[in-house]
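Worksheet for the structure shown next.
Atoms within each ligand, like the ligands themselves, are counted from 1 in listed order. Owing to the predicted nature of the structure, the values given are computational and were not obtained by experimental measurement. Residues: numbered from 1 along the sequence shown. What's counted below: heavy atoms across the whole structure, side chains too, no hydrogens, waters or symmetry copies.
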Amino acid sequence: MPLSSSKRIRDITVNGSDGWEVFNKARKMIASGTHVVELSIGEHDIKTDKEIINAMNTSALNGNTGYAEMQGIHKLRELIAKRNQERTGDKTTAENIIITPGGQAGLFNAHMATCNEGDKALFIDPYYATYPGTIRSVGARAIPIKTQSTNGFQPTFEEINNSASGAKSLLINSPNNPTGIIYSKETLNSVADAVLKNNLWLISDEVYESQIWNGTHISPRSIDAIREQTIVIGSMSKSYAMTGFRCGWIIGPENIIEDMLNLATSTTYGMSGFIQDAAYFALTKGKAFEEKISTPFLRRYKLAKNIFQNDKFVKLIPGDGTMYVMLDIRETGLTGTAFANNLLDEKKIAVMPGESFGQAAAGHLRIAMTVSDDIFAQSLIEIKNFAANL
Ligand code: PLP
């Protein structure tokens, strides 16, 4: 009899589901030779810029292949601090920052550093599909706070406050995956009030902060009253099309960053120096480069808006940014899961069911705008016709 794995690791998924079933099914179909249009994963349709890869190569060839500074190389942390300060007004130094293997590891570290075993850790629904598993993997209890589509999926003070008793942390994500909305100033003030009232750590996942076409992104560390209890997660993945580099960061109060160093010592032992040099090089290219990466998503969002305008069965959720667009398909009478499975089987188009992102997104689909404009528009027309013919 093989020894069993720990309860904690088995509990990462509930009922064996992690929300990625349709995606995995599509990948199997592709592996067996079926042509599938993937509108599922948040992966750009362009490759990482060659100049960034050259910077990585040069660094490695120059011998930067040993252990790097555990907290992250100083010049990279300094640059991220400067960028954060310029964009948010939050006074930031290199000591407020630790470099992590992607935003995902940042999310794990932030919960590890704030929650004890069995603590309640809150997060806003709809949510990025990994959130509950990330929280459970540190032994905390993952508690979703359901928002309302009628309120544009913006959380209210009451919604947070009603679940907050005894909780340790609240995880928010704006610009939001899957909805594409950004939280308004009013929403962030309500979040701040709820966080203060309930003594919560606020963990703010801002990996889409450079992909915005409507409104302004507000980082909660720019709100004085909650700065010392707010931890920001950032990443090179989405802004610079560097998903495979696995390079992200955490911005937080110095004391918690210091504690996270102990976690790094006993887990990752820091990040590769040549990857960090590539990230540094990329970040020096600044906003113009970030805009180049985000422009196709705005273009495709506009295509989607036109295609579903006045449609009887599929309603587009007005988005403000990210690389996704949400469709409300409740008029078809199908769940998001059933719709996505049927669409994959019959039309060979892979989308993510809203249910993978929580109950608030049930009856919706998340469409990744990550194929060429032509294929994107053509696939959306197929989705539209598919819904009408059900
Ligand atoms: N947070 C959100 C909301 C995401 O959508 C993703 C990836 O899709 C991540 C974090 C993790 O990104 P990475 O680990 O590539 O930085």
Side-chain angles (χ1 to χ4, degrees), residues 18-20 23 38-45 47-48 52 72 76 80 97-112 121 123-135 137 142 144 147 153 155 169-183 202-212 217 219-220 231-251 267-268 271-272 275-276 278-279 282-283 290 293-294 297 319-326 350-352 354 356-358 360-361 366-370:
D18 61 3
W20 292 97
F23 167 77
E38 283 193 289
L39 305 175
S40 45
I41 195 169
E43 179 94 58
H44 312 69
D45 49 319
K47 296 291 173 205
T48 306
I52 299 174
L76 176 60
I80 293 169
I97 291 169
I98 184 166
I99 308 298
T100 58
Q104 187 58 51
L107 288 164
F108 174 86
N109 291 6
H111 284 95
M112 190 73 175
F123 60 104
I124 308 291
D125 174 357
Y127 52 82
Y128 174 45
T130 69
Y131 283 180
T134 304
I135 291 170
S137 64
T147 57
F153 296 109
S169 61
L170 168 66
L171 169 59
I172 62 170
N173 171 220
S174 172
N176 185 268
N177 175 8
T179 61
I181 62 141
I182 59 177
Y183 289 171
L202 180 61
I203 302 169
S204 176
D205 178 346
E206 303 181 15
V207 304
Y208 294 99
E209 43 93 56
S210 71
Q211 299 176 345
I212 290 175
H217 166 64
S219 172
I231 298 172
V232 166
I233 310 296
S235 173
M236 297 304 293
S237 289
K238 312 295 178 175
S239 307
Y240 286 84
M242 289 173 68
T243 49
F245 283 66
R246 311 308 304 127
C247 187
W249 58 84
I250 297 174
I251 307 175
T267 52
T268 57
M271 279 280 297
S272 329
I275 298 278
Q276 295 190 67
L283 284 172
E290 291 175 8
I293 302 287
S294 68
F297 303 129
D320 306 308
T322 76
M323 53 214 286
Y324 314 104
V325 61
M326 276 262 278
V351 299
M352 292 291 277
S356 292
F357 307 95
R366 187 197 75 173
I367 312 290
M369 302 188 279
T370 49

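For the atom pair CG (D45) and CZ (F297), the distance works out to 6.5 Å, reported to the nearest 0.5 Å. With rounding to the nearest 0.5 angstrom, the NZ atom of K238 is 7.0 Å from the CD atom of E43. We find the CD-CE distance between Q211 and M323 to be 5.5 Å, quoted to the nearest 0.5 Å.
Note: no N/O pair closer than 3.5 Å links Y324 and ligand 1 by distance alone. Annotation: Y131 places no N or O atom under 3.5 Å from an N or O atom of ligand 1; distance criterion only. The distance criterion of under 3.5 Å between nitrogen or oxygen atoms is not met by N173 with respect to ligand 1. In terms of polar-atom proximity, Y208 is counted as a contact of ligand 1, with an N or O under 3.5 Å from an N or O of the ligand.
Contacts of M236 with ligand 1, taken as heavy-atom pairs under 4.0 Å, are absent altogether.
Of all the listed residues (I41, T322, D205), D205 holds the heavy atom that lies closest to atom 3 (C) of ligand 1.
Between D205 and the options L107, V232, I231, N177, a side-chain contact (heavy atoms from CB on, under 4.5 Å) holds for only L107.
For atom 15 (O) of ligand 1, the closest non-hydrogen atom of the protein is S237 OG, 2.7 Å. At the shortest separation from atom 9 (C) of ligand 1 among protein heavy atoms lies Y128 CE2, 3.6 Å.
Ring-plane geometry between Y128 and Y131 is classed as perpendicular, the angle between the planes exceeding 60 degrees on a 0 to 90 degree scale with a lower cut at 30.
Residue-ligand proximity, K238 to ligand 1, at heavy-atom distances under 4.0 Å covers atoms 7 (C), 8 (O). Near Q104, meaning under 4.0 Å from one of its heavy atoms, ligand 1 places the atoms 11 (C), 13 (P), 14 (O). Using a 4.0 Å cut-off to heavy atoms of G102, the atoms of ligand 1 that qualify are 14 (O), 16 (O). Counting the atoms of ligand 1 from 1 in the order shown, those under 4.0 Å from a heavy atom of R246 are 13 (P), 14 (O), 15 (O). In summary, the atoms of ligand 1 found under 4.0 Å from a heavy atom of G103, numbered by their order in the structure, are 13 (P), 14 (O), 16 (O). Of all the atoms in ligand 1, the ones that sit under 4.0 Å from a non-hydrogen atom of S235 are 13 (P), 16 (O).
Checking side-chain atoms of Q276 against main-chain N and O of M271 turns up a donor-acceptor pair under 3.5 Å. Looking only at distances, no side-chain donor or acceptor of D125 sits under 3.5 Å from a matching main-chain atom of P144.
Aromatic ring centres of Y208 and Y324: separated by under 6.0 Å.
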Passes side-chain contact (heavy atoms from CB on, under 4.5 Å), M236 versus L283? Steps please.
CA-CA 9 Å; M236 297 304 293; L283 284 172; 3.8 Å; yes
